[in-house]
Number of protein chains: 2
Amino acid sequence: MSCESRAIDQLRESGVRLTPQRAMVLEAIYHNDGHLSVDEVHERVQQQSPYVDLSTIYRTVMFLKQQGVIGELRLDGQPVRYEAVRYGKEHHHAVCSTCGAMIEIDSVDMQELSDILTQKYGFAVNLIHLTLTGQCAACQAISP
Amino acid sequence: MSCESRAIDQLRESGVRLTPQRAMVLEAIYHNDGHLSVDEVHERVQQQSPYVDLSTIYRTVMFLKQQGVIGELRLDGQPVRYEAVRYGKEHHHAVCSTCGAMIEIDSVDMQELSDILTQKYGFAVNLIHLTLTGQCAACQAISP
DNA sequence: TTGGCAGTTGCGAACTTTTGCAACTGCGGT
DNA sequence: ACCGCAGTTGCAAAAGTTCGCAACTGCCAA
Ligand SMILES: [Mn+2]
Ligand SMILES: [Mn+2]
Ligand SMILES: [Zn+2]
Ligand SMILES: [Zn+2]
């Protein structure tokens, strides 16, 4: 039982096609703790299967993100990165625009927001791995 | 007194250089109600000054976004778009992944979130023109 | 008002990401 | 087990975005 089996089940239940390429991308991302760039995913997949094209990686990460099994991290001036969405470890990020520090925000801290959107707009928001910017505590202390 | 004068004041106070290119990009975006793509901004700027390069537009929208005077809208499968950040009209967007409907979310609805991040993480979040995805009320009624 | 310079621009080239398309294949139905 | 086809892939080419660099210019200090 691999660590991405829950994600695979989720894909099966959605009725989408589970190709070897998709399984390999999923494996590359789930067998890693950090956030991987598209190139890094490509390298890892190619070690298993050298003819998988970079365009397939692009198409696949977009697909897996829309399916909600991987999350995206966009910091400007950096390549886009992807990470596993692990059950019970859902989180978001707050990035300091002064020092670059990246804080992990627990998913439960967004519950209030989710409730407001439901009550006020009837919108069922799907909060997956958001990236927020601002200033960390240390940098606020230095420049107010 | 043009409608982007507040943004211009904000840039002056930040001590950054106010070039004609920056002023023209600001004007193009502020003299428009919707969200403009980089190409659309370029077209409008070129009508005033034909030799402004597309790379300058890319650099300038990145700069103006970091300064907080314009907001970004990224919908996947669509070009990135930019919009004026107008005082008193700050907002975010909720986009339905089923039908594509785009709802405007009032900035005050994020106040709770901002407070939580301050209290729990000491992080001063800078919430500018976020894009959230999920399902609108109509689409929830159809497919639960 | 002028001079100096750090920051900005236009341009071309490099690099990244998306797309069109023919061949291929997962998977549901038989 | 096999078939049929909608959805997926590899490849090549197009489109979109970034970058390096020499020339230029806002802006500040004198
Ligand atoms: Mn993460
Ligand atoms: Mn908007
Ligand atoms: Zn910081
Ligand atoms: Zn909808």
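Within every chain, numbering begins at 1; the chains are lettered A, B, ... in the order of the sequence lines, protein sequences first and strands thereafter. Predicted model, so just to flag it, every value in this text is computed and none were measured.
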What is the distance from [atom1] of [X] to [atom2] of [N], rounded to the nearest Å?
| X | N | atom1 | atom2 | answer |
| --- | --- | --- | --- | --- |
| A/Arg12 | C/dC27 | CZ | C1' | 11 Å |
| B/Ile57 | C/dT8 | CD1 | P | 15 Å |
| A/Leu26 | D/dT8 | CG | P | 15 Å |
| B/Met62 | D/dC19 | CE | C1' | 11 Å |
| B/Gln66 | C/dG7 | CD | C1' | 15 Å |
| B/Gln46 | C/dC11 | CD | C1' | 13 Å |
| B/Phe63 | D/dT17 | CZ | C1' | 20 Å |
| B/Tyr58 | C/dA14 | OH | C1' | 15 Å |

Taking everything shown except A/Lys89 itself, do over 12 heavy atoms lie less than 6.0 Å from its NZ? no
Could you work out which one of [options] sits closest to the side chain of [X]?
| X | options | answer |
| --- | --- | --- |
| A/Gln21 | C/dC11, D/dT9, C/dC27 | D/dT9 |
| B/Arg17 | D/dG10, D/dG26, C/dT25 | D/dG26 |
| A/Ser55 | D/dG16, C/dG10, D/dC11 | D/dC11 |
| A/Thr56 | C/dT19, D/dC27, D/dT9 | D/dT9 |
| A/Leu54 | D/dT9, C/dT17, C/dC11 | C/dT17 |

Which residue, B/Pro20 or B/Gly77, contacts DNA chain C at a nucleotide closer to its 5' end, judged by nearest heavy atom? B/Pro20
Which sits closer to the 5' end of DNA chain C, A/Leu18 or A/Pro79, going by the nucleotide each is nearest to?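 On the 5' side of the pair lies A/Pro79.
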Using distance alone, with no hydrogens and no angle criterion, decide if A/His91 and A/Glu83 have a side-chain donor and acceptor under 3.5 Å apart.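 Distance-only check passes for A/His91 and A/Glu83.
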Please compare B/Thr19 and B/Asp39 by the position of their nearest nucleotide in DNA chain D and report the one closer to 5'. B/Asp39
Would you kindly compare B/Asp53 and B/Gly15 by the position of their nearest DNA chain D nucleotide and give the one closer to the 5′ end?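 Its nearest nucleotide lies further toward 5', so the answer is B/Asp53.
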A/Gly134 backbone acceptor or donor facing A/Ser97 side chain under 3.5 Å: yes
Heavy atoms under 4.0 Å, any strand shown: does A/Tyr51 hit a base, just sugar-phosphate, or nothing?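 Sugar-phosphate, backbone atoms only, no base.
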Just call it for B/Val52: base, sugar-phosphate, or nothing, with non-hydrogen atoms closer than 4.0 Å on any strand. sugar-phosphate
Shortest non-hydrogen contact between B/Cys3 and B/Tyr30, atoms and distance: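 Between these two residues, the closest heavy atoms are SG-O, 3.6 Å.
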Tell me the closest heavy-atom pair linking A/Tyr82 and A/Ile70, and the distance in Å.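 The pair with the smallest heavy-atom distance is CD2-CD1, 3.7 Å.
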Quiz question: going by heavy-atom distance under 3.5 Å, is there a donor-acceptor pair between the base of D/dG10 and the side chain of A/Arg59?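 For A/Arg59, whose side chain was compared with the base of D/dG10, there is a donor-acceptor pair (under 3.5 Å).
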